[in-house]
Number of protein chains: 2
Amino acid sequence: MARYAKLDERSMQILRAVVNCYIATAEPVGSRTISRKYNFNLSPATIRNIMADLEELGYLKHPHTSAGRLPTEQGYRFYVESLTKERLQLQQPIAGIEKCYNRRFAEISHLLRYTSKILSSTTHCIGVVSAPRIEDMMFKHMNFVHLRDNLVLVVFVSRSGSVQQKVIEVSESYTQEKLDQMARCLNEHFKDVPLFYIRTRLLDMMRQDKQLYDELLERALRLSRQVFDSSEETTVYIDGQLNILNHPEFEDLKKMKAMFGAFEEKSQLILILDKCLEGGGLRVLIGSENQIEEMKDCSFVTTTYKAGDSVMGALGVIGPTRMEYSSVIPLVEYTAKMVSRMLSRM
Amino acid sequence: MARYAKLDERSMQILRAVVNCYIATAEPVGSRTISRKYNFNLSPATIRNIMADLEELGYLKHPHTSAGRLPTEQGYRFYVESLTKERLQLQQPIAGIEKCYNRRFAEISHLLRYTSKILSSTTHCIGVVSAPRIEDMMFKHMNFVHLRDNLVLVVFVSRSGSVQQKVIEVSESYTQEKLDQMARCLNEHFKDVPLFYIRTRLLDMMRQDKQLYDELLERALRLSRQVFDSSEETTVYIDGQLNILNHPEFEDLKKMKAMFGAFEEKSQLILILDKCLEGGGLRVLIGSENQIEEMKDCSFVTTTYKAGDSVMGALGVIGPTRMEYSSVIPLVEYTAKMVSRMLSRM
DNA sequence: GTTTAGCACTCTCTGATAGAGAGTGCTAAA
DNA sequence: TTTAGCACTCTCTATCAGAGAGTGCTAAAC
């Protein structure tokens with residue numbers, strides 16, 4: 001924290017006050033406003049001096065000479081870090097969320113989709129939830145359906161109720177009976193095995209009992225692998241994109257268009273969520289800290305959710321840099337806790 | 001067509017010219033512009049007189065006294081009707097579409113999603129495609145997977161490669177074996193039967209062979225029915241919503257917000273597409289002819305697509321009232337033809 | 001009788017200008 | 001070190017004038 005060395009306690013208080021005020025009003029904050037609304041017992045002139053210092057240190061900026069100040073990204077960064085040090089707790093809206101999760105979700109996809117809606121509506125930002133990667137899932141059931149010619153529909157069900165399906169093309173034409181047999185074989189051998197483990201497991205089995213399953217299993221696996229491998233892209237549930245229209249900073253049509261465009265290209269979003277997975281736990285990306293050019297006026301608040309002890313995916317919100325971090329952060333954390341609880345039960 | 005009784009050929013030509021011009025420029029059209037760009041060999045003054053007449057008859061309107069004219073909805077209606085009478089044909093972009101469909105689609109849902117993208121990108125409007133209703137599908141394969149406790153995952157595959165899945169709660173807990181048995185029973189008996197026909201078919205069978213299948217089939221059907229009945233809402237594929245941002249009439253942030261909001265609520269959209277299904281064939285809804293308040297500045301161009309001889313669903317585009325009907329209409333019709341061809345092959 | 005030229009009129013759009021308001025930065029006093 | 005005072009800067013709004021586009025009407029031409 002050497003970066004903040006030059007800040008005495010009073011300057012920090014004023015900086016926090018400015019950020020607070022700007023978050024609330026979206027207007028540049030003047031020295032008079034601060035001296036009136038917060039009782040520092042300092043005259044506007046004094047505050048002016050301090051604000052000038054803060055500007056020089058890079059925490060605040062000026063749209064033009066005669067306007068008030070607003071936070072730079074560095075200013076937000078400081079604000080957010082001092083917030084998270086406080087370990088925020090929010091009670092009232094959290095009770096509402098708890099109630100939302102007082103129901104049963106049959107499929108994991110429903111739970112996640114619902115969660116992104118909850119996130120967007122409670123925070124008035126855009127809610128995002130990334131689905132667990134397929135390798136992390138537990139094998140539960142597999143099914144092959146002969147469609148026509150050499151087309152086979154493969155349906156995979158994970159233990160947590162996630163369903164993946166894909167039509168694949170095979171070189172030889174199997175009868176439905178043969179396909180059923182193959183599926184039964186897979187289902188017997190891989191029940192409750194994590195997908196990423198199947199290959200290893202298979203090698204083990206072949207060593208033990210070489211001839212018996214060789215051919216059938218081999219074929220069945222070849223079929224199913226196509227489904228697992230094909231999930232190049234993690235699914236992401238996004239909700240409340242319209243919410244950004246309500247924030248005054250996006251009145252600018254051009255900016256807005258660019259943002260919407262960025263959402264169409266989900267891969268970048270996935271990258272950011274994936275990074276959250278690696279890091280684990282809460283992450284706040286402020287403004288251009290995210291790599292998406294079109295979203296340099298947005299902040300990301302993300303965290304991970306788990307099933308039992310293992311991290312499954314990431315969730316969070318995207319909103320204007322000027323979002324209400326003090327309520328959004330605990331809301332995102334709490335939601336992740338709820339999702340984890342639901343998942344662990346499944 | 002008594003409505004157009006008062007229009008002589010010349011007035012109609014000028015009306016068409018004004019609509020054309022307005023569609024191209026999005027600016028009110030003056031009499032001088034018409035007399036210059038189209039060679040009617042009439043002076044602006046004469047055209048002015050005719051335009052005044054057209055205004056009195058309700059085909060044109062004035063934003064303010066000293067501005068040019070633009071079409072009313074009645075004006076567009078006339079324009080579109082005289083267009084469709086001409087039986088438009090468009091060659092060049094159509095070749096492009098043909099090429100797009102030169103590939104195989106394993107699943108019907110892929111074909112439809114792709115189609116809505118094609119529609120939006122070729123017309124620069126919003127593409128919409130409604131999926132076939134489940135009752136119209138042919139039974140191909142059914143599968144039950146025991147999840148946990150009393151939860152069963154039901155997967156239904158139609159002959160055209162559409163996959164529906166749903167988790168349902170059952171009163172008694174079946175073993176996976178029992179479930180497999182039930183599924184096999186269903187699959188044997190209902191192969192290639194249209195869903196809406198299954199009930200009748202079942203009654204037939206029970207009459208013939210009362211005891212044999214009674215209990216098992218009954219249970220299996222009870223399970224599966226929940227999937228069929230639950231599809232209350234037709235799926236709709238929507239693409240290119242961002243396209244409307246490019247049309248100058250939606251610069252107004254408020255209008256735009258209202259429109260985006262209307263898209264979130266898909267049920268109204270489904271209503272409109274369903275109506276197209278009933279009517280059959282091409283339908284053009286201009287402005288407030290659609291019942292959605294927020295879309296009263298938009299037009300719908302929709303038609304139906306078929307598999308073989310039976311109508312399966314509707315597709316079309318949504319764009320500003322001021323859309324290029326002369327190219328959009330044939331594009332929509334051609335796309336529907338391509339989809340029908342693809343479907344009939346599946 | 002229809003078409004056209006001419007002209008006054010209306011409305012929007014643009015740019016210039018001025019004054020109010022908000023806030024700063026500097027200086028000098030407390 | 002803090003504060004009061006004051007000149008200065010910049011934005012925002014309203015007002016105004018002139019240009020431009022287009023109409024509607026009238027009277028003349030075909």
Side-chain angles (χ1 to χ4, degrees), chain A residues 6-15 17-22 24-72 75 248-249 251-252, chain B residues 6-15 17-22 24-72 75 248-249 251-252:
Chain A
K6 287 202 169 182
L7 290 187
D8 54 16
E9 183 55 38
R10 198 180 60 176
S11 305
M12 297 203 285
Q13 274 176 4
I14 289 190
L15 175 52
V18 173
V19 181
N20 250 325
C21 212
Y22 183 69
T25 63
E27 306 270 300
V29 185
S31 53
R32 239 178 76 90
T33 315
I34 295 290
S35 97
R36 246 187 340 201
K37 282 202 187 165
Y38 300 78
N39 42 356
F40 291 121
N41 291 322
L42 292 174
S43 78
T46 313
I47 291 178
R48 234 170 5 248
N49 287 332
I50 299 172
M51 279 163 89
D53 293 347
L54 286 170
E55 179 160 358
E56 199 167 0
L57 290 170
Y59 294 102
L60 295 178
K61 68 182 172 190
H62 246 167
H64 56 88
T65 36
S66 73
R69 256 94 174 192
L70 52 103
T72 59
E249 41 267 80
E251 293 259 303
D252 181 9
Chain B
K6 286 199 170 183
L7 290 187
D8 53 14
E9 184 54 36
R10 198 180 60 178
S11 306
M12 296 201 286
Q13 275 176 3
I14 291 192
L15 175 51
V18 172
V19 180
N20 250 325
C21 210
Y22 183 69
T25 63
E27 305 269 301
V29 185
S31 53
R32 238 178 77 89
T33 316
I34 295 291
S35 95
R36 247 187 339 204
K37 283 202 187 164
Y38 300 78
N39 42 356
F40 290 122
N41 291 321
L42 292 174
S43 76
T46 313
I47 291 177
R48 235 171 2 248
N49 287 331
I50 298 171
M51 280 163 90
D53 292 346
L54 286 169
E55 179 160 359
E56 200 168 1
L57 290 169
Y59 294 101
L60 295 178
K61 67 184 173 190
H62 245 167
H64 56 88
T65 35
S66 74
R69 256 95 175 191
L70 51 101
T72 58
E249 42 266 79
E251 292 259 301
D252 180 10

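Numbers restart at 1 for each chain; the letters A, B, ... are given by sequence-line order, proteins then strands. Scope of the values below: all heavy atoms of this structure, side chains included, with no hydrogens, waters or symmetry mates.
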Chemist: With both distances under 3.5 angstrom, what nucleotide forms a Watson-Crick or G-U wobble pair with D/dT23?
Modeler: C/dA8
Chemist: For C/dA18, what is the paired nucleotide under Watson-Crick or G-U wobble rules, both distances under 3.5 Å?
Modeler: D/dT13
Chemist: Measuring only between side-chain heavy atoms, which start at C-beta, is A/E55 closer than 4.5 Å to A/H62?
Modeler: yes
Chemist: Could you state the atom-to-atom distance from CD1 of B/I47 to P of D/dG24 in whole Å?
Modeler: 14 Å
Chemist: Please report the distance, rounded to the nearest Å, between CG in B/L70 and P in D/dT23.
Modeler: 12 Å
Chemist: Between C/dT4 atom P and B/F40 atom CZ, what is the distance in whole Å?
Modeler: 13 Å
Chemist: Send over the distance from B/R32 CZ to C/dA5 P, rounded to a whole Å.
Modeler: 12 Å
Chemist: Where the side chain of B/S43 is defined as all heavy atoms beyond and including C-beta, which of C/dT24, D/dA4, C/dT4 is the nearest nucleotide?
Modeler: C/dT4
Chemist: Side chain of B/S66: nearest nucleotide among D/dG24, C/dT10, D/dC10?
Modeler: C/dT10
Chemist: Which of the following nucleotides, D/dT2, D/dC10, D/dG22, is nearest to the side chain of B/T33?
Modeler: D/dG22
Chemist: Please say whether more than 12 non-hydrogen atoms of neighbouring residues, nucleotides or ligands are located less than 6.0 Å from CD in B/E9.
Modeler: yes
Chemist: Scan B/A67 against the nucleic acid and name what it touches under 4.0 Å (heavy atoms): base, sugar-phosphate only, or nothing.
Modeler: sugar-phosphate
Chemist: The side chain of B/T46 is closest to which nucleotide in this list: C/dT3, D/dG5, D/dT2?
Modeler: C/dT3
Chemist: Could you check which nucleotide pairs with D/dT2 in any of the strands shown, counting Watson-Crick or G-U wobble with both distances under 3.5 Å?
Modeler: C/dA29
Chemist: I want to verify a distance call: between D/dG24, C/dT3, C/dT24, whose nearest atom is closest to the A/R69 side chain?
Modeler: C/dT24
Chemist: Quick one: does A/M51's side chain get under 4.5 Å of A/S31's, heavy atoms only?
Modeler: yes
Chemist: Could you tell me how far apart A/H62 (NE2) and C/dG23 (C1') are, to the nearest whole angstrom?
Modeler: 8 Å
Chemist: When you get a sec, tell me which of C/dT4, D/dT3, D/dT23 is the closest nucleotide to the side chain of A/N49?
Modeler: D/dT3
Chemist: Starting from P on C/dC9, measure out to CZ on B/R48 and report it in whole angstrom.
Modeler: 16 Å
Chemist: Rounded to the nearest Å, what distance is computed from the CG atom of residue B/D53 to the P atom of nucleotide D/dT23?
Modeler: 14 Å
Chemist: Here's a test of your reading of the structure: between B/H64 and B/N41, which maps to the more 5' nucleotide of DNA chain C?
Modeler: B/N41
Chemist: For A/T72 and A/G58, indicate whether the former's side chain and the latter's backbone hold a donor-acceptor pair under 3.5 Å.
Modeler: yes
Chemist: CZ of A/R36 versus C1' of C/dA22: gap in Å, rounded?
Modeler: 11 Å
Chemist: Sub-3.5 Å donor-acceptor pair from the side chain of B/T33 to the main-chain atoms of B/V29, do we have one?
Modeler: no
Chemist: Ignoring the backbone of A/L42, work out which of D/dG24, D/dT3, C/dT10 is nearest its side chain.
Modeler: D/dT3
